[in-house]
Amino acid sequence: MMQFSFCSQIVTSPEALIIPIAQQPDTDAVLSRIADQTGVAVEFIKNDFKAELKEVHILYAKEGQKSKRIFLLGLGEKVRSIDIINAFRSFIFKRKSNLPVHLGISFLHQNAPKNLAEWTEAAVNGLLLGMYDIGLYKTEKKEKSTTTDLSTVSIGIFAEKQFEKNIEAAIARGKATAETQLEIFDLVNAPANKKTPQTLAEWALHSGKKYGYSVKIFDKEGIESLGLHALLAVNRGSETPPTFIVMEYKPEGEPVKKIGLVGKGVTFDTGGLSIKPSSNMHYMKSDMGGAAAVMGVMELAAKLKMPFHLFGVVPATENSVDAMSIRPGDVIGSYHGKTIEVIDTDAEGRLILADGLCYVVRHFEPDILIDLATLTGSCIRTFGYYAGGLFSNNDDLATRISDACEKTGERLWRLPLWDDYKKELKSDVADIKNFSGSPAAGAITAAKFLEEFIETHPAWAHMDIAGVAVSDSEFSSQKSATAFGVRLLIAYMESLKDNTPS
Ligand code: BES
Ligand code: ZN
Ligand code: ZN
């Protein structure tokens with residue numbers, strides 16, 4: 001892992017300096033100052049560099065200057081934290097094979113932005129994420145000759161002395177967040193033959209031990225004793241047994257609130273007997289993106305010592321095809337007690353979440369209940385890959401989550417939970433069915449199904465992250481993990497901490 005440190009002056013000059021520059025009214029003045037210092041004619045710089053998002057322009061400093069290369073890094077006009085993250089992430093990803101060992105990021109060349117800590121946190125976060133290597137199973141490592149050993153790279157953040165404390169805290173946050181996100185990337189990107197429900201359980205146990213929160217794993221027998229019948233039903237067709245992961249983080253002082261989190265942990269979704277078409281089935285290794293988000297939030301909240309009492313619950317299983325699999329038309333039980341007619345075995349996420357949600361409500365009585373799940377193709381048809389769906393029976397909760405989305409750049413858009421949709425799930429033979437039988441409003445009817453298992457909890461939010469848990473990126477030709485939800489939920493909790501009304 002790269003080393004970061006605060007530096008107040010460019011005395012020990014780094015070999016290369018990155019100067020992040022936004023398109024703002026003073027951009028010209030900033031460029032003029034850089035021109036003076038480097039001896040490059042200002043017209044050239046202004047002509048060649050527009051500070052557009054992710055734009056990079058290299059200057060070679062005149063003789064006598066210690067920083068030999070200066071990278072002007074465009075941040076665009078809006079300069080949201082996600083823009084800064086993406087600019088640094090893309091910069092480092094492209095250049096990581098040829099980095100000098102001492103690198104600097106300068107906030108001295110421009111008028112220091114008001115939110116310097118936010119910029120620093122985002123820059124550090126982006127730099128670390130940009131070093132992600134998705135080639136986990138490649139046997140041939142890349143050519144050594146040009147590859148910088150990234151663990152030896154040290155990065156100085158240059159700013160005025162008065163900002164030292166803030167910057168150091170921001171470095172620590174950006175780093176803590178990135179470390180967890182990188183772990184989540186690996187977990188979500190892992191193929192299903194390397195990632196079983198047991199693997200998720202082991203990850204949680206290891207993380208809990210390392211960062212000081214408790215983890216209890218229920219194996220198949222434990223799940224049977226608990227009576228998680230819907231989870232067991234989904235697991236019937238798989239060779240690997242299910243796990244039920246219960247994580248608890250207790251802060252040192254009085255908690256601000258008790259929050260229950262539930263994540264869909266389907267380690268591979270074939271669809272079961274209602275089998276999926278094969279064309280994009282390989283992406284179903286990421287059908288545990290909700291679980292990964294919950295696990296990431298537990299870890300990061302513990303690292304950051306957030307003042308919340310958190311419960312993270314992950315029902316984990318594969319959804320496979322076998323003679324033992326549940327069949328369309330089967331009637332199964334649930335932890336809640338309601339009977340469910342399984343119209344489509346591919347609507348398995350809502351079944352295991354039903355058990356997870358009801359368990360959290362009954363056992364922990366949280367003030368706030370949130371679930372995350374790669375739940376429906378319908379949500380992708382609604383929002384494409386640009387946003388997930390947000391459902392909530394509580395306006396304050398929904399508004400706070402939406403505000404947090406705005407802050408972190410993880411987009412969710414609210415959809416209704418009107419009772420009109422409920423009748424779609426009426427079963428002739430059981431208490432409820434898991435699919436209406438029609439493709440209309442699939443994301444909403446899925447949410448309505450979940451609502452039947454929260455025991456009228458007054459502050460519940462459901463995030464359908466099917467379209468955003470994996471996305472296109474510089475890391476790979478295929479879609480890969482985003483760790484969607486991790487920064488978002490931490491930002492949501494921050495908003496409760498300050499107790500400012502939303
Ligand atoms: N895991 C899928 C949803 C999904 C689809 C996630 C594409 C990511 C990308 C879920 O289990 C599923 O198959 N849902 C079905 C439900 C339907 C049968 C009612 C769907 O949305 O098609
Ligand atoms: Zn499915
Ligand atoms: Zn699924």
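Whatever order the structure lists ligands and atoms in, that order sets their numbers, starting from 1. Not measured: the values here are computed from a predicted model. Values reported hereafter were calculated over all heavy atoms of this structure, with side chains retained and with hydrogens, waters and symmetry mates removed.
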Minimum-distance protein heavy atom relative to [atom]:
atom                    : value
atom 2 (C) of ligand 1  : D269 OD2, 3.6 Å
atom 4 (C) of ligand 1  : M284 CE, 4.0 Å
atom 19 (C) of ligand 1 : F435 CD1, 3.2 Å

Check: [Y] and [X] side chains under 4.5 Å, non-hydrogen atoms:
X    : Y    : value
P328 : T345 : yes
N280 : Q478 : no
K78  : D83  : yes
K303 : E179 : yes

Which of the atoms of ligand 1 are close to [X], meaning less than 4.0 Å from one of its heavy atoms?
X    : result
I380 : 7 (C), 9 (C)
T374 : 1 (N), 2 (C), 3 (C), 6 (C)
K276 : 2 (C), 12 (C), 13 (O)
A466 : 6 (C), 8 (C)
D287 : 1 (N)
E348 : 11 (O)
D344 : 18 (C)

Polar atom proximity, [X] to ligand 1 (N or O, under 3.5 Å):
X    : answer
D346 : yes
G377 : yes
K264 : yes

Crowding at [atom1], [X] (>12 non-hydrogen neighbours, <6.0 Å):
X    : atom1 : value
E224 : CD    : yes
K276 : NZ    : yes
E406 : CD    : no
M324 : CE    : no

Looking at [X] and [Y], would you say the former's side chain and the latter's main chain have a donor-acceptor pair under 3.5 Å?
X    : Y    : result
D367 : K257 : no
D464 : L375 : yes
D355 : L231 : yes

- Query: For the Zn ion (ligand 3), how many protein N, O or S atoms lie at less than 2.8 Å?
  - Reply: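 Under the 2.8 Å cut-off, the count stands at 4.
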
- Looking only at heavy atoms of R350, does any of them come nearer than 4.0 Å to an atom of ligand 1?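 A heavy atom of R350 does come that close to ligand 1.
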
- Looking at F453, is R350 sitting on its ring face, NZ or CZ under 6.0 Å from the six-membered ring centre and within 45 degrees of the normal?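 No, a cation-pi geometry is absent between R350 and F453.
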
- Message: Side chain, backbone, both or neither: which applies to M288 and ligand 1 if a contact is any heavy-atom pair less than 4.0 Å apart?
- Response: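 It is neither; nothing of M288 touches ligand 1.
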
- Message: I'd like the name of whichever of L375, T345, T270 reaches closest to atom 14 (N) of ligand 1 through any heavy atom.
- Response: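 That would be L375.
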
- Aromatic plane relationship, Y421 with W418 - under 30° parallel, 30 to 60° tilted, over 60° perpendicular: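 Parallel, since the angle between the ring planes stays under 30°.
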
- Task: Could you please spell out the steps behind the side chain to side chain contact (heavy atoms under 4.5 Å, CB included) verdict for M463 and I401?
- Result: CA-CA 10 Å; M463 303 178 180; I401 291 175; 3.8 Å; yes

